[in-house]
Amino acid sequence: MKERLQDYIPKLVLSPSFFLILVFVYGFIAYTGYLSFTDSRILPSYNWVGLENYERLWKLPHWWRAITNLAIFGSLYILICSVLGLLLAILLDQKIRAEGLLRPIYLYPMALSFIVTGTAWKWFLDPGIGLEHTMHQWGWESFAFDWIKDRQMAIYTVVIAAVWQSSGFVMAMFLAGLRGVDSDIIKAAQIDGASAFTTYRRIIIPLMRPVFLSAFVVLAHLAIKAYDLVIALTGGGPGQATELPATFMYSYTFTRNLMGIGASSAIIMMIMIFSIIIPYLYSELRTGVKR
Amino acid sequence: MTSAVSQGPLEASRASSTVAPNRLARALIYAALILFAIYYLLPLYVMLVNSLKPLDEIRQGDMLSLPMAGTIEPWLKAWATAQIGVQPTGLKPYFMNSILMVVPAVFISTALGALNGYVLTKWTFRGADIVFGLMLLACFIPFQIVLIPMARMLGILGLAGTIPGLVLVHVVYGLGFTTLFFRNYYAAFPSELVKAAQIDGASFFQIFRRILLPSSGPIIVVTVIWQFTNIWNDFLFGASFASVDSIPMTVALNNLVSSSTGVKEYNVHFAGAIMAALPTLIVYIVSGRYFVRGLMAGAVKG
């Protein structure tokens, strides 16, 4: 009898967590999915309207603005963070004496809230008191940097702040990768007379493929989720110039009271993330089993 | 992946990749590294020096200069008297809200994660992989997908707009990561020890308490730091589910910065931003190594 009970304890211990995840994650996804097919407005309604919300969503210029911005923001964010992260990691991997001091400096923004980052950059980029103002004070009267007020350019200020926050983290991922490279390979290349540049270009950087993949997955999923930073930096403006899907979903659901459309935009965000994450996790878990 | 947690992933365990190039090249490398360090430090520096200046000095001077007439007035104001929403309470009550929310949420999610990781590695059963896969995938959902049903659920449970409600939310959406951390850590723990203890008649909880827990120090630190940072820095859940008495620090800071009517008190905003950043910054400075391990473990799954 006691043995039987012992057999159940592990599952019993795991079950509350699993139950919470099933209800609060998968049950909620199903609920939001259902709402996206209804005419819910300020409150949930169970009146089925088929694909109407999705059809309306893809006709909204506001949603197209958010999707276009995500494409611009996401691709630049991923590209710049990866290049900068790799560059910093390579530079730091040259037997730098002050590495222990520099590394934490590159990485600390990751410990900050996006709201803090947004607040700092908002004023830094504000032409009235920030960089532009300072340059004028220093006598460079013609200096102009007002992207944050410019509808065409504002989305790039989100990129600037987001890169500042995340590039140190990508640096850490690449540094861990570089430190894992077998030094015999590098020695062999050097004996063959390869320059440091060639060694990196032809041998070491190609070995970083798995790190590029991990960085891509992490950054892409952060980009799709990006919400706090935009709220703190630009509030989605000027106008709708920096709206992203996450801010769109929030304002349609809770401010404009078009819950059905808000739910359908959330479903599209989830599909985007899952189409990146599921193949990645699947391959990682499979190699984990083989190991 | 487990090795990333058990050893410092960034510690140079061998000589660096290439032979030292000539002196000029090294000087250039150092120059570049220092320039980047300035780039990362600049926003923090700007916030700090300007939080210590009177407002006139910010408007007339430049943002990089040190305060001429230094004052801690903006800090006192941000903490105790600044207008947030409709009340002139300063950030103090919201700082307390965040602490009351973070401490139980971190404790509960870490404890559950440890038990889950223990079960999923040492007491596996048919379907355990599917359970873990579902918990892992839950780490990555865009939280927009749960906002509407969560708001209703908190209402049904009578927790809408309360700190316990926020604790529940953070526990639920932190479980995936805490379970992942402990599972990967315990996977490397020798199962023979667990088997031997079982044969000696030790129970499920005895094995956990006497054998696994004593050697779990590093992973507990990693998990606690990860959860603390994420929950303290959360904005979306706070903005969606908190009411006037339960607003966390990040949301209060955003209210302070964005909704102030009349004169924009930049110095007060900067002081407030540093206050909101300070707890996670201190944790980072004190235990940066563990913070990095958490980030890496969160990034490289499996």
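What you see below is based on every heavy atom in this structure, not just the backbone, and it leaves out hydrogens, waters and symmetry mates.
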Asks: Residues in side chain to side chain contact (heavy atoms under 4.5 Å, CB included) with Asn230(B), at least two apart?
Replies: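 Counting only residues at least two positions away or on another chain, Asn230(B) forms a side chain to side chain contact (heavy atoms under 4.5 Å, CB included) with Trp226(B).
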
Asks: According to the interplanar angle, ranging from 0 to 90°, do the rings of Phe140(B) and His221(A) count as parallel (below 30°), tilted (30 to 60°) or perpendicular (above 60°)?
Replies: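 Taking His221(A) first and then Phe140(B), their aromatic rings stand perpendicular (interplane angle over 60°).
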
Asks: Minimum heavy-atom separation for Ile21(A) and Val172(B), please, with both atom names.
Replies: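 Reported closest heavy-atom pair: CD1-O, 4.1 Å.
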
Asks: Quick one, Val146(B) and Thr32(A) - any side-chain contact, counting heavy atoms below 4.5 Å?
Replies: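 No, too far: nothing below the 4.5 Å cut-off.
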
Asks: Could you tell me which portion of Ser36(A) (side chain, backbone, both or neither) has an atom closer than 4.5 angstrom to a non-hydrogen atom of chain B?
Replies: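 Contact with chain B: none, neither part.
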
Asks: For chain B, which of Tyr227(A), Phe254(A), Tyr250(A), Trp164(A) has the most heavy-atom pairs under 4.5 Å?
Replies: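 Winner by heavy-atom pair count: Trp164(A).
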
Asks: Counting only non-hydrogen atoms closer than 4.5 Å, does Phe36(B) touch chain A with its backbone (N, CA, C, O), its side chain (CB onward), both, or neither?
Replies: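 For Phe36(B), backbone and side chain are both near chain A.
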
Asks: Under 4.5 Å heavy-atom distance to chain B, tell me which part of Val23(A) shows up: side chain, backbone, both or neither.
Replies: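 Side chain only.
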
Asks: Taking all atoms of both residues into account, what is the closest heavy-atom pair of Thr119(A) and Ala273(B), and its distance?
Replies: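 Closest heavy-atom pair between Thr119(A) and Ala273(B): CG2-CB, 4.2 Å.
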
Asks: Given that the side chain runs from C-beta out, which part of Phe204(B) has a heavy atom under 4.5 Å from chain A: side chain, backbone, both or neither?
Replies: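 Both parts, heavy atoms under 4.5 Å.
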
Asks: Where on Thr229(B) is there a heavy atom nearer than 4.5 Å to chain A: the side chain, the backbone, both, or neither?
Replies: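 Contact with chain A is through the side chain of Thr229(B) alone.
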
Asks: If the condition is side chain to side chain contact (heavy atoms under 4.5 Å, CB included), which residues does Leu222(A) pass it with, not counting sequence neighbours?
Replies: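 Counting only residues at least two positions away or on another chain, Leu222(A) forms a side chain to side chain contact (heavy atoms under 4.5 Å, CB included) with Tyr77(A), Val218(A).
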
Asks: Do you know which of Phe18(A), Phe124(A), Trp123(A) has the most heavy-atom pairs with chain B at a distance under 4.5 angstrom?
Replies: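 Most heavy-atom pairs under 4.5 Å with chain B: Trp123(A).
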
Asks: Would you say Phe19(A) has more than 12 foreign heavy atoms packed within less than 6.0 Å of its CZ?
Replies: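 Atom CZ in Phe19(A) is not packed in, count stays at 12 or less.
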
Asks: Go through the atoms of Ala128(B) and report whether side chain, backbone, both or neither lie under 4.5 Å from a heavy atom of chain A.
Replies: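 Contact with chain A: none, neither part.
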
Asks: Is it true that Tyr31(A) and Arg152(B) share a donor-acceptor pair across their side chains at a distance under 3.5 Å?
Replies: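 Judged by distance alone, the side chains do pair up.
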
Asks: Given a strict heavy-atom distance threshold of 4.5 Å, which part of Met150(B) is in contact with chain A: side chain, backbone, both, or neither?
Replies: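 Both backbone and side chain of Met150(B) come within 4.5 Å of chain A.
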
Asks: Among Ala232(A), Ala246(A), Gly118(A), which residue has the highest count of heavy-atom pairs closer than 4.5 Å to chain B?
Replies: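 When all of Ala232(A), Ala246(A), Gly118(A) are compared, Ala246(A) has the most.
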
Asks: Determine whether a donor-acceptor pair (N or O, by modelled atom type, separation under 3.5 Å) exists between the side chain of Thr280(B) and the backbone of Ala111(A).
Replies: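 Side chain of Thr280(B) to backbone of Ala111(A), a donor-acceptor pair under 3.5 Å: yes, one is there.
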
Asks: In terms of heavy-atom proximity below 4.5 Å to chain B, should Leu112(A) be classed as side chain, backbone, both, or neither?
Replies: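 Interface part for Leu112(A): both.
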
Asks: What closest approach, in Å, do Ile105(A) and Ala37(B) show between heavy atoms, and which atom pair accounts for it?
Replies: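 Nearest pair, atom of Ile105(A) first, then Ala37(B): CG2-O, 3.8 Å.
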
Asks: What's the verdict on side-chain contact (heavy atoms from CB on, under 4.5 Å) for Leu33(B) and Ile96(A), showing C-alpha distance, side-chain angles and the deciding distance?
Replies: CA-CA 9 Å; Leu33(B) 286 171; Ile96(A) 297 302; 3.7 Å; yes

Asks: For Ile224(A), which atoms come within 4.5 Å of any heavy atom of chain B: side chain, backbone, both, or neither?
Replies: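 No part of it gets close to chain B.
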
Asks: Kindly indicate, with the supporting measurements, whether the criterion ring-ring contact (aromatic ring centres under 6.0 Å, His included) is fulfilled by Tyr106(A) and Tyr40(B).
Replies: CA-CA 6 Å; Tyr106(A) 298 161; Tyr40(B) 287 109; 5.5 Å; yes

Asks: Go through the atoms of Leu120(B) and report whether side chain, backbone, both or neither lie under 4.5 Å from a heavy atom of chain A.
Replies: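 The side chain, not the backbone.
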
Asks: Please name the pair of heavy atoms, one in His133(A) and one in Ile58(B), separated by the smallest distance, quoted to 0.1 Å.
Replies: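 For His133(A) versus Ile58(B), the nearest heavy atoms are NE2-O, 3.9 Å.
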
Asks: Heavy-atom pairs under 4.5 Å with chain B - which of Gly27(A), Ser167(A), Gly33(A) has more of them than the others?
Replies: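 Of Gly27(A), Ser167(A), Gly33(A), Ser167(A) has the most heavy-atom pairs under 4.5 Å with chain B.
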
Asks: Is any side-chain heavy atom of Val13(A) closer than 4.5 Å to one of Tyr118(B)?
Replies: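 Of all side-chain heavy-atom pairs linking Val13(A) with Tyr118(B), none is under 4.5 Å.
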
Asks: Please look at Val131(B) and chain A and tell me whether the side chain, the backbone, both or neither of the residue comes under 4.5 angstrom of a heavy atom of that chain.
Replies: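 For Val131(B), backbone and side chain are both near chain A.
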
Asks: What part of Met272(A) is in contact with chain B, defined as an atom under 4.5 angstrom from a non-hydrogen atom: side chain, backbone, both or neither?
Replies: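 Contact with chain B: none, neither part.
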
